[in-house]
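Note that the numbering runs from 1 along the sequence shown for the chain. Whatever order the structure lists them in is the order used to number ligands and atoms, beginning at 1.
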Amino acid sequence: MDRTLTLLGIESSCDDTAAAVVRLTPGQTPEILSSEVLGQTDLHAAFGGVVPEIAARAHAERLDGCVEDALAKAGVTLDALDGIAVTAGPGLIGGVLSGVMLARGLAAARDLPLMAVNHLAGHALTPRLTDGIAFPYLMLLVSGGHCQFLLVEGVDRFRRLGGTIDDAPGEAFDKTAKLLGLPQPGGPTVEAEARLGNPKRFNFPRPLLDRPGCDLSFSGLKTALLRARDALIAKQGGITLQDRRDLCASFQSAVAEVLAIKTDRALAMVADTAPSALAVAGGVAANIVIRDMLETVSARHGVPFLAPPLLLCTDNAAMIAWAGIERLRAGIAPSADFLARPRWPLDDTAAALLGSGKKGAKA
Ligand code: KG4
Ligand code: ZN
């Protein structure tokens, strides 16, 4: 399809209500005309995790306005669109349904093509929106909800090489912050503390290194941190500021090292496909220590390292609109006849991942 495509994207699978308009003109780089993201951190803060009912209600209340703002900021009306792309899963089903119902209604009212997009495909195709890289490439998704290695072979062809069997790394950062009395989201606060700490003071486990392949596990790390904290409390009656910094630094170093080792293995597994890049997505990719280690591993394999701008690494609707454009261009037919799915693995042939995080199913 070689005509200009302007798509509205809608995302509501977790705790961000998002709408965006993306345009691709043949021969030009894609343009993000608008990208609205309404976070819900404040609504869930008191509960230590995303509460599905609260999330679904907030999406239902905010989606209309979010779409109106995205269209207004892009300077387009519904009639100027060539289609609508909506996240149809995986995620918290109440939220997914809110987005899908709105998208179906708009598409039916204006007779617009509708594309059901897998949220993980949205993340995985983002490096083509931001940097136009060629297939295949290796993608590491590391957020509060996801953790997996994907070989992205085409618009609709993903090979999952491995992933977490329990918590996602962002979840581990958030739980660490909670255990140490630091504010949420835990990633940035733990990283800031870690900067002043000694990463070698506590020898936290590096889980699953003895297992071949690139599956990961983070729940044991959290337990080890809890034990180390409690041992200090039992001995000293509390933890000092320096103890806290050292705990954060040692925890972060364990996460970074495990991610680096597993990335090294994943790159070795796909070496014969000559990947065009190692790309990362997800909030954890904002962590400088983790990012630097991944970049070093990538350089060792002679593969360019790519981290899209943070606002496109974390949940947003521009990635959903873009995935819709990619699918239309690849000749995949739009259809309003699809199910909203809480689980939707990108790679049906890969063994199911265990567990589902506080932000919903991981695959
Ligand atoms: O991609 P994201 O915004 O949302 C989803 O999880 O879907 O990622 C948020 C997660 C949170 O768990 C947060 O603690 C983590 O990413 N995060 C970080 C950092 N910034 C955010 N983790 C480690 N270091 C950071 N600097
Ligand atoms: Zn996501």
*asked:* Would you say CE of M269 has more than 12 non-hydrogen atoms from neighbouring residues, nucleotides or ligands within 6.0 angstrom?
replied: yes
Polar proximity ligand 1 side, [X] side, N/O cut 3.5 Å exclusive:
| X | value |
| --- | --- |
| F173 | no |
| G282 | no |
| N287 | yes |
| C313 | no |
| T314 | no |

Ligand 1 atoms in contact with [X] (distance to a heavy atom under 4.0 Å):
| X | answer |
| --- | --- |
| D315 | 7 (O) |
| G145 | 6 (O) |
| E191 | 25 (C), 26 (N) |
| D174 | 11 (C), 12 (O), 13 (C), 14 (O) |
| S143 | 1 (O), 5 (C), 6 (O), 7 (O), 8 (O) |

*For D246, which of R229, R201, R195 qualifies under salt bridge (charged side-chain N to carboxylate O under 4.0 Å, His left out)?*
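The passing option is R201.
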*Establish, yes or no, whether the cationic atom of R227 lies under 6.0 Å from the six-membered ring centre of F204 and within 45° of the ring axis.*
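Here R227 fails the 6.0 Å and 45° test against F204.
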*State whether F135 and R128 meet the cation-pi test: NZ (Lys) or CZ (Arg) under 6.0 Å from the six-membered ring centroid, and within 45° of the perpendicular axis.*
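That pair qualifies as a cation-pi contact.
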_I332 CD1 to M115 CE distance, which is reported to the nearest 0.5 Å_ = 6.0 Å
*Members other than I261 in its cluster, when Ile, Leu, Val, Met, Phe, Trp, Tyr link by side-chain heavy atoms under 4.5 Å?*
L209
*Apex the Zn ion (ligand 2); atoms H146 NE2 and H119 NE2; angle rounded to 10 degrees*: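 NE2 of H146, the Zn ion (ligand 2) and NE2 of H119 span an angle of about 90°.
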*Which single N/O/S atom of H123 lies at minimum distance from the Zn ion (ligand 2)?*
NE2
*Taking just the N, O or S atoms of D315, which one is nearest to the Zn ion (ligand 2)?*
OD1
_Smallest separation among heavy atoms of V280 and C313, with atom names_ =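 Smallest heavy-atom distance, with atoms named: O-SG, 3.8 Å.
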_Closer than 4.0 angstrom, basic N to acidic O: yes or no for D82 and R23?_
no
_Is there a path of hydrophobic side-chain contacts, each under 4.5 Å between heavy atoms of I/L/V/M/F/W/Y residues, joining L7 to I32?_
yes
_Regarding atom 25 (C) of ligand 1: of the candidates G187, S13, P185, which has the closest heavy atom?_
G187
